[in-house]
Protein chains: 2
Amino acid sequence: MSSVATTHIVDDDPAVRDALQWLLQSRSVPSQTWASPQEFLAFAGSDLCGCVLLDVRMPGMSGIELFDRLRARGCRLPVIFLTGHGDVPMAVQALKDGAFDFVEKPYDDNALVDKVLAAIAHDAQRSARDGSVHALRERLAQLTRREQEIMQRILAGKLNKVIADELGIAMRTVEVHRSRIFDKMQVRSAVELSQLLSLLGDKPES
Amino acid sequence: MSSVATTHIVDDDPAVRDALQWLLQSRSVPSQTWASPQEFLAFAGSDLCGCVLLDVRMPGMSGIELFDRLRARGCRLPVIFLTGHGDVPMAVQALKDGAFDFVEKPYDDNALVDKVLAAIAHDAQRSARDGSVHALRERLAQLTRREQEIMQRILAGKLNKVIADELGIAMRTVEVHRSRIFDKMQVRSAVELSQLLSLLGDKPES
DNA sequence: TGGGTGTTTGCGGAAACCCACAATGGTCAA
DNA sequence: TTGACCATTGTGGGTTTCCGCAAACACCCA
């Protein structure tokens with residue numbers, strides 16, 4: 001995880017890149033520029049934080065396609081599209097696909113900076129959420145096959161006796177597993193376990 | 001709840017209304033037309049199902065404003081905006097505010113019908129989800145003050161003994177409440193209760 | 001004033017849970 | 001082969017949950 005939230009500017013036009021970088025710099029927003037989609041794609045991973053300013057029209061690969069590729073490789077950075085060609089269907093599609101914003105050139109400096117800051121804040125939240133989810137998955141991965149199997153049944157509200165019957169093992173064994181599960185997952189009751197895992201399934205609204 | 005999913009067409013231009021209604025009728029999609037935002041607003045409540053086709057530019061009240069008012073009064077119907085004036089910022093804002101889609105005129109018949117059908121399907125899902133959430137809230141409302149208080153603590157994973165201590169009452173009393181809570185909420189364990197209530201906090205992604 | 005509801009409590013017992021101590025057998029890699 | 005890890009089981013006992021039966025008190029409404 002790069003420790004500093006950075007705005008990644010991807011545009012084939014050096015003048016636009018410089019203008020954007022200068023704008024952000026003047027507001028103390030760290031940024032980095034990329035002259036082509038390929039260049040950024042070669043660098044980007046799932047370990048960045050900040051946001052992306054993406055020109056829609058670039059030679060070789062459209063901003064939209066770059067966006068798709070980023071998502072495909074797990075990069076969740078919020079993307080703000082910049083376009084000089086007011087295209088409503090494209091904007092609608094981009095937003096539906098999860099773009100953070102879609103801005104027409106010429107843009108208003110203050111408005112754009114606000115959007116960038118909003119995107120960065122949004123990413124920070126997402127990042128924190130993903131972090132805890134990741135930690136949870138790690139604890140989950142520590143469980144052995146058998147333990148996971150039994151955890152399922154615990155979460156289904158089944159009694160130890162029932163679980164033992166279903167698996168054809170002694171109740172005592174279930175108790176041991178149960179205890180180890182609570183131990184590894186760092187909870188002290190089935191209720192806590194259930195609440196912990198409910199974080200995985202559903203995510204807060206965008 | 002109106003039992004039939006209806007597409008509500010709001011447009012001040014009779015020709016547009018008729019064209020849309022004819023288009024939908026030809027695909028067996030029930031629709032209803034409204035000549036002004038006020039007219040629809042007077043009719044709409046939170047008990048409709050289907051979707052709304054909304055012209056952006058209308059005299060008296062913009063489609064956007066109507067959209068806001070609908071949301072303000074709890075109408076969750078998915079809204080598809082229709083606009084003749086390609087306006088990217090407006091489209092972006094509308095989508096961010098939760099519009100279902102934003103379509104430029106002239107529209108493609110097939111594409112529009114597809115969007116309408118998607119909106120209707122989306123609404124059906126939301127409606128079902130809201131229904132179960134509502135039923136849950138009703139059961140929750142059946143709980144007395146004391147029961148809710150104790151439920152909180154059960155969900156915090158506390159033992160009956162601890163709850164009794166905190167509230168300064170006998171353990172037996174807590175047991176009685178606990179039993180009644182499970183009864184009213186129609187669950188058989190604290191785990192089930194926890195899972196049930198986790199449906200309230202978080203909602204699935206859009 | 002009587003009935004309904006909500007909150008409270010006690011007794012006693014069955015069932016379930018939790019745990020320390022102790023132990024067996026299997027797999028897999030060093 | 002040996003040690004690490006996993007799954008398994010037993011014993012015995014303390015803790016917690018769950019429940020039927022019984023009852024007291026407060027409050028509000030008809």
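Every chain is numbered from 1, with letters handed out A, B, ... down the list of sequences.
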Could you pull out all donor-acceptor pairs under 3.5 Å where a side-chain atom in residues 134-145 of chain B meets a protein atom, sequence neighbours excluded?
residue   : atom : partner   : partner atom : Å
Arg139(B) : NH1  : Met185(B) : O            : 2.9
Thr144(B) : OG1  : Glu147(B) : N            : 3.3
Thr144(B) : OG1  : Glu147(B) : OE1          : 3.2

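With 3.5 Å as the limit, one finds a donor-acceptor pair spanning the side chains of Arg27(A) and Asn110(A). Judged purely by distance below 3.5 Å, without hydrogens or angles, the side chains of Ser194(A) and Ser194(B) pair a donor atom with an acceptor atom.
Seen from the ring of Phe100(A), Lys96(B) counts as a face-on cation partner, given the 6.0 Å and 45° thresholds.
Residue Ile163(B) contributes atom CD1, which lies 13 Å from atom P of dT8(C) at whole-angstrom precision. The distance from atom CG of Asp165(A) to atom C1' of dA16(C) is 14 Å, rounded to the nearest whole Å. The distance from atom CZ of Arg145(A) to atom P of dC5(D) is 18 Å, rounded to the nearest whole Å. For the pair Asp183(B) CG and dG6(C) C1', the computed distance is 15 Å after rounding to whole Å.
Using a distance-only test at 3.5 Å, with no hydrogens or angles considered, a donor-acceptor pair links the side chain of Asp87(A) to the main chain of Met90(A). A donor-acceptor contact shorter than 3.5 Å is absent between the side chain of Gln195(A) and the backbone of Ser198(B).
Contact between the side-chain N/O atoms of Thr144(B) and the OP1/OP2 oxygens of dT5(C) is not found at any separation under 4.0 Å.
The salt bridge (Lys or Arg N to Asp or Glu O under 4.0 Å) test applied to Arg172(B) returns Glu175(B), not counting sequence neighbours.
The aromatic rings of Phe81(B) and Phe67(B) stand perpendicular to each other, their planes meeting at an angle above 60°, with 30° marking the opposite boundary.
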Study note, to complete from the structure: A correct 5'-to-3' footprint of nucleotides 8-24 of chain D, with B, S and - meaning base, sugar-phosphate only and no protein heavy atom under 4.0 Å, is BBBB----SBBBBB---

Study note, to complete from the structure: Its contact letters, B for base, S for sugar-phosphate only and - for none at protein heavy atoms under 4.0 Å, make nucleotides 25-30 of chain C read ------

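End-to-end axis angle of the helix from dT1(C)-dA30(D) to dA30(C)-dT1(D), from C1' rotation axes over five pairs per end: 40° (rounded to 10 degrees).
Across all their heavy atoms, Ala190(A) and Val191(B) have their closest contact at CB-CG2, 3.4 Å.
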Exercise for review: Kindly determine whether Arg17(B) and Asp12(B) satisfy salt bridge (Lys or Arg N to Asp or Glu O under 4.0 Å), including the steps that lead there.
Suggested key: CA-CA 8 Å; Arg17(B) 286 203 302 274; Asp12(B) 61 298; over 6 Å; no

**Study point:** Test salt bridge (Lys or Arg N to Asp or Glu O under 4.0 Å) applied to Arg126(B) and Asp123(B), step by step
**Key:** CA-CA 5 Å; Arg126(B) 179 202 56 76; Asp123(B) 184 54; 2.6 Å; yes

Identify the pairs formed between an N or O of the protein and an N or O of nucleotides 26-30 of chain D at a distance under 3.5 Å, and give each distance.
none

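Contact check for Cys75(A) versus Ser46(A): no side-chain heavy atoms found under the 4.5 Å cut-off. Two residues are said to be in side-chain contact when any heavy atoms from C-beta on lie closer than 4.5 Å; Leu167(B) and Val174(B) fail this criterion.
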